[in-house]
Amino acid sequence: MRTICFLSDFGLSGDFVGTCRGVIEGIAPGATVLDLTHHVPGFGIPAGAEVLEHATGYMPRGTVYLAVVDPGVGTERRAVALRTAAGSYLVGPDNGLLVPASRALGGVAEAVLLSDGRFHVHPVSTTFHGRDIFAPVAAHLAAGVGLGEVGESLDPGSLVPLSLPGTTRTGLGDLETEIISIDRFGNARLSVTQEEAGLEHGTQIELDPGDGRVRCSYQETFGASGFGALIVVPDSHRRLSISINQGNAARALALSVGDRVRIRPLDECQDDAGA
Amino acid sequence: MRTICFLSDFGLSGDFVGTCRGVIEGIAPGATVLDLTHHVPGFGIPAGAEVLEHATGYMPRGTVYLAVVDPGVGTERRAVALRTAAGSYLVGPDNGLLVPASRALGGVAEAVLLSDGRFHVHPVSTTFHGRDIFAPVAAHLAAGVGLGEVGESLDPGSLVPLSLPGTTRTGLGDLETEIISIDRFGNARLSVTQEEAGLEHGTQIELDPGDGRVRCSYQETFGASGFGALIVVPDSHRRLSISINQGNAARALALSVGDRVRIRPLDECQDDAGA
Amino acid sequence: MRTICFLSDFGLSGDFVGTCRGVIEGIAPGATVLDLTHHVPGFGIPAGAEVLEHATGYMPRGTVYLAVVDPGVGTERRAVALRTAAGSYLVGPDNGLLVPASRALGGVAEAVLLSDGRFHVHPVSTTFHGRDIFAPVAAHLAAGVGLGEVGESLDPGSLVPLSLPGTTRTGLGDLETEIISIDRFGNARLSVTQEEAGLEHGTQIELDPGDGRVRCSYQETFGASGFGALIVVPDSHRRLSISINQGNAARALALSVGDRVRIRPLDECQDDAGA
């Protein structure tokens, strides 16, 4: 039995997640289901895609990823399942959500449209394909059904694309990156990874979020900075984050998701930096 | 080992659910426990009963339902376990919470009072029977103990009754229904099911929540209506819901739980409607 | 395979808990992981320690406790694992969090520093030892690795101490206790246990939270008091709590965590009180 890793934007205040779990347990009794998170910001396809991509580094080989952030439910968007080169499965809507994770898992080896109703829960509702299509298909795949059985073959090249915002190197050590999410503490997560940035702990940097420059330092831990200090720190996904120690950076600097941010190191001691 | 489906109003901010899980694991090691929801609105017996009833359609056969919405804990209300005609068990307080689910599972075949202390955790507290009585009894049932062992027999006819609010057909196509819950987005869930209403996608309807009539349309998906539009849509439980697309219907129309709502279709194209 | 009991202050809005679960599943496939709570108030070492200590009474024998409330992550604080006289394991930061639970489990029989990188996830981040050190070590212990293998031996006497606030008996029946936490309903939890207090249901008491005396009664259930009544009740951990029935006691009496509270029974009918 394969492990199922379940991500959604359902929240935990209702019975959406629990009902999907019941459907899975009926089809794949005893399968381990890991709740990655059910609090992807509502309709946040890029945010969900980034979390799913990151999780691939920590889940067991052969995991079935069940991912439902699905603003297009009930419209013409396709329901799909993918097998990756690394032998994992991804099940969810064809809206880009699965794409970065599929790349991290070696690329799509096989794709199908979830067209075979034998693997769905009936009657299929118009508003909750998580319960009626995605969860049961993921459970059948976890229980050993082959990808080719759950629907008709699809050209992987026809999948809706999604690219997470990239990082541009604009000069010696300078780079331009993008804010991909802001958490409830006001930390602004950037697309640039710790490895791409190659900054050394304690480096002084100049930050330009579009409307003026501020000075701060790059710190590898919160504890290394003073109370109220503006800093850039690596987060748990190894991406950089603009933060204020025990404060709210997004509010202080009026930052928004999608803002482009330029980062320029002010001194040149970068010889042994990097991950 | 039977699967346990666990519903409560404990929330997840404390250790109530986790402690019950520890008790279960000690008695029925490795049993699958599905958290249906732990956010039933505080003391909401009808709301919890409706969620539990709906879940019976999605849980494996033979599931043990552990349900704790228990404002009467520490008073004279009885603690009970039921075996249904469909071979499932229900464990919880005798306050009506289990009744609609037991009907959906074929009716009560056998009922007992949880009077045998050998199946409880001691000392039994006065405020947390979830941990001390209901969870351990559910775990023993999941592990194979018979219903007759956990307490003395009870007349099923003596159980505290509960009926979910019904729907009255008041004329050709007209109906009167009741608001059973309002979610955090302001969607007002009605007792009438999609099947009972028999409306066709796009039907214009007149809605009277008691203090005046408003016009809107019945839509099978949110996506089919414009931003800010008042609509009636089926929800994930196949009940109708009064909603505003990306707005708050309960606030806009001053709706409350328990309000009676009249629905009248304005045109007659209902020939192939229904589930 | 041992059961893992997981407590943290990660919350459930992000993917922290889910990522740790993935790491555990990869190392100890199929291990049961019980989420005790992930809402320990931020950086609340004493609050987390109290919850963990209480849980030891309800978890299976031989459980591996994985506890992460870790404001010192990335600093010099040590990462440790303990084996208790009762045969359980505790894994987490050496900041006092594990101490009351280890005592409840018979005391520390063996302690190690988590110095062996073979049992960590690489690269080890500076900000998330839950995922990279504590979760994988707990999983290896659950899967059968011996404590001596995961790091070098440590003198248990060198562990950072923590004592939960105690209760002082200041006269015949009088006692002085401390507020250890306040929940979202405004209930103020006291360090004194139901057994230590030895009060009888219905006893009239005088409460002095430092700035004046108020009268109330000790009740064994909420239901026994009227709407809006100030009462002292035992909570699910068998500690006393200052509460207002359907009101907010902390706000009404301006109570804060750490406040000392004196309790004096006004009548003397305590002959058969106690747990």
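Letters A, B, ... are given to chains in the order of the sequence lines, protein chains preceding strands, and every chain is numbered from 1.
Proximity to chain B among residues 126-144 of chain A is limited to A/T126, A/T127, A/F128, A/R131, A/D132, judged by heavy-atom separations below 4.5 angstrom.
Summarising the geometry of B/P60 relative to A/E25, their closest heavy-atom pair is CG-CG, 3.7 Å, with the distance given to 0.1 Å.
Put simply, the side chain of A/R21 does not reach to within 4.5 Å of the side chain of B/D35, judged on heavy atoms. Using a 4.5 Å cut-off on side-chain heavy atoms (C-beta onward), B/T37 and A/L12 make no contact. In this structure, B/R238 and A/P123 have side chains that are in contact, with non-hydrogen atoms separated by less than 4.5 Å.
With a 4.5 angstrom heavy-atom cutoff, A/V33 does not touch chain B via any of its atoms. Only the side chain of B/L34 comes within contact range of chain A, with at least one heavy atom under 4.5 Å from a heavy atom of that chain. The contact between B/T3 and chain A is made entirely by side chain atoms (from C-beta outward), counting heavy-atom distances below 4.5 Å.
Residues satisfying the ring-ring contact (aromatic ring centres under 6.0 Å, His included) criterion with B/H237, sequence neighbours excluded, are B/H54.
Here CG of B/L52 is found 10.0 Å from CG of A/D15. Values are rounded to the nearest 0.5 Å.
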